[in-house]
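Structure, as structure tokens:
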Amino acid sequence: MTIRLYDTSARQIRDFSPLIDGCVSIYLCGATVQAAPHIGHIRSGLNFDIMRRWFDHRGYDVTFIRNVTDIDDKIIRKSAEQGRPWWSIGYENERAFNDGYDVLGCLPPTYEPRATGHITEMVEMMRGLIERGHAYESDGNVYFDVKSFPGYLELSNQELDNLLQPEGEGETGKRDPRDFAMWKRAKEGEPSWETPWGRGRPGWHLECSAMAHKYLGREFDIHGGGIDLIFPHHENEIAQAKAFGDAFARYWVHNGWVTMSGEKMSKSLGNSVLVSEMVKKWRPIVLRYYLGTPHYRSMIEYSEEALREAESAFARIEGFVQRVVEKAGGVVEPAADVPPAFADAMDDDLGVPQALAIVHTTVRQGNSALAADDKEAAVERLAEVRAMLAVLGLDPLDPHWVGEGDRGDTGSSNSIHGVVDTLVRLVLQQREAARGRKDWATADAIRDQLNQSGLVIEDGPTGPRWTLGPR
């Protein structure tokens, strides 16, 4: 048993060898909370949730850190535009992100540190870098001297002579335009903290280096995030941490984007699709299937058609689960382990598409067993399916999803589903009454009307059951 992961720094798939046997430590760059999350933001959380679940299934003790960037240029700009305190904007959107993670079934992180709670650690790191000759103060700002660190740009595979470093407003006094800011001098009306170099606020890159050091120590296993973070963010994190004396991350894992018309989904481009709006139109478990089942390094081109295909594919799985539960007369527990072919796919750089193919193959085998009235075989296949779906966070019998409906408006897991279920059952009672008096025409008319409304009615041994049909 060897899990293999694509390591961006090595530009190849590598066998995973943990720093501490039986344990895995993961740091994921989380939300910058200047706005509510779109599905591109949440995809990263989903991908690393599946990674975390697979390590857990393989018996590892997982420590999973997902930070919150609650102070940066974007949040301060929003504060000025809206006339609201920066911390109010940050807190509101942090809650929106956590709601998004939760509604799509992501397990909570081991720790979720906020940047503003770790100013002391940032000051300590800057002091150490200045003492070692890797950083300097100028005009109240503190900059990292990129030429002092020989390994700079190895992650992004760039040449220093060709580098164009992104630069923020007020970054004056640099010795070299390629140096980057770790600390920014205070401006009138902006949040600031006291340091030996004057009042100011942290730069984005410093925050993660300091928090990873605080919670995972000088060396840890996996650092993750979207591919857009490779440069400058992750490159600058590495420079700070290693120049400070940390070994830092042993593996770098990056997920692909959600795109629209070939462009990265982004609020600045006006092409983002908010999670809070999506879960009003689509069941959250379907949205998780859509975002979580492509390979994590692939791009997902957003379209309504692709979501409808995901909905239909998941409905086939869910329908099988429901039919076997009815046949068995009760809940079938997940198998103790997943099928070997599924495990092989997941071990190979989290090959979820190949693993999902095993799920669908097992569902087809289970449906064949049901058609042959082989209850024992059908139950065995369902146990396997549940074990596999648990790894993907898609088991419809998991307590998180039971009674799941539209959580977008009220936050209740069964807010709309429960209302619809009550109404549909009233109609189905009328249909059953018609069947009881052998009024087949009325019974068929009721069923046809429900089908036209987008509901699929199936008659099982315990009575009729409804599900949402393809859109």
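In this structure, I26 CD1 and R52 CZ are separated by 8.0 Å, a value rounded to the nearest 0.5 Å. Taken from CG in D15 to CG in D7, the straight-line distance is 11.5 Å, to the nearest 0.5 Å. We find the CZ-CG distance between F64 and L28 to be 4.5 Å, quoted to the nearest 0.5 Å. N236 contributes atom CG, which lies 11.5 Å from atom SG of C208 (distance to the nearest 0.5 angstrom). Between the CZ atom of F231 and the CD1 atom of I238 there is a distance of 11.5 Å, given to the nearest 0.5 Å. Taken to the nearest 0.5 Å, the CD1 atom of I3 stands 11.5 Å off from the CG atom of D348.
Here D99 does not pair with R95 in a salt bridge; the nearest charged N to carboxylate O distance is not below 4.0 Å. Residues K280 and E277 are paired through a salt bridge, judged by an N-O separation under 4.0 Å between the basic side chain and the carboxylate. In summary, E92 and K78 do not engage in a salt bridge, as defined by a charged side-chain N under 4.0 Å from a carboxylate O. Between R114 and E94 there is a salt bridge, since a side-chain N of the basic residue sits under 4.0 Å from a carboxylate O of the acidic one. For D72 and K74, the salt-bridge test fails: no basic side-chain N is under 4.0 Å from an acidic carboxylate O. A salt bridge links R250 with D221: the distance from a Lys NZ or Arg NE/NH1/NH2 to an Asp or Glu carboxylate oxygen falls below 4.0 Å.
Note: F248 and H223 have tilted aromatic rings, judged against thresholds of 30 and 60 degrees for the angle between ring planes. Ring-plane geometry between Y143 and Y136 is classed as tilted, the angle between the planes lying from 30 to 60 degrees on a 0 to 90 degree scale. Using bins of under 30°, 30° to 60° and over 60° for the plane-to-plane angle, the ring pair W252/H254 lands in the parallel bin. Ring-plane geometry between H360 and Y289 is classed as perpendicular, the angle between the planes exceeding 60 degrees on a 0 to 90 degree scale with a lower cut at 30. Aromatic ring orientation, Y27 versus F220: tilted (interplanar angle from 30° to 60°).
A donor-acceptor contact shorter than 3.5 Å is absent between the side chain of H400 and the backbone of L107.
Geometrically, R66 does not engage F48 in a cation-pi contact defined by less than 6.0 Å to the ring centre and at most 45° from the axis. Geometric assessment of R283 against the ring of F314 yields a negative cation-pi assignment under the 6.0 Å and 45° thresholds.
Defined by atom type and a distance below 3.5 Å, a donor-acceptor pair is present between the side-chain atoms of D347 and W54.
For F144 and H205, the distance between ring centers is not under 6.0 angstrom.
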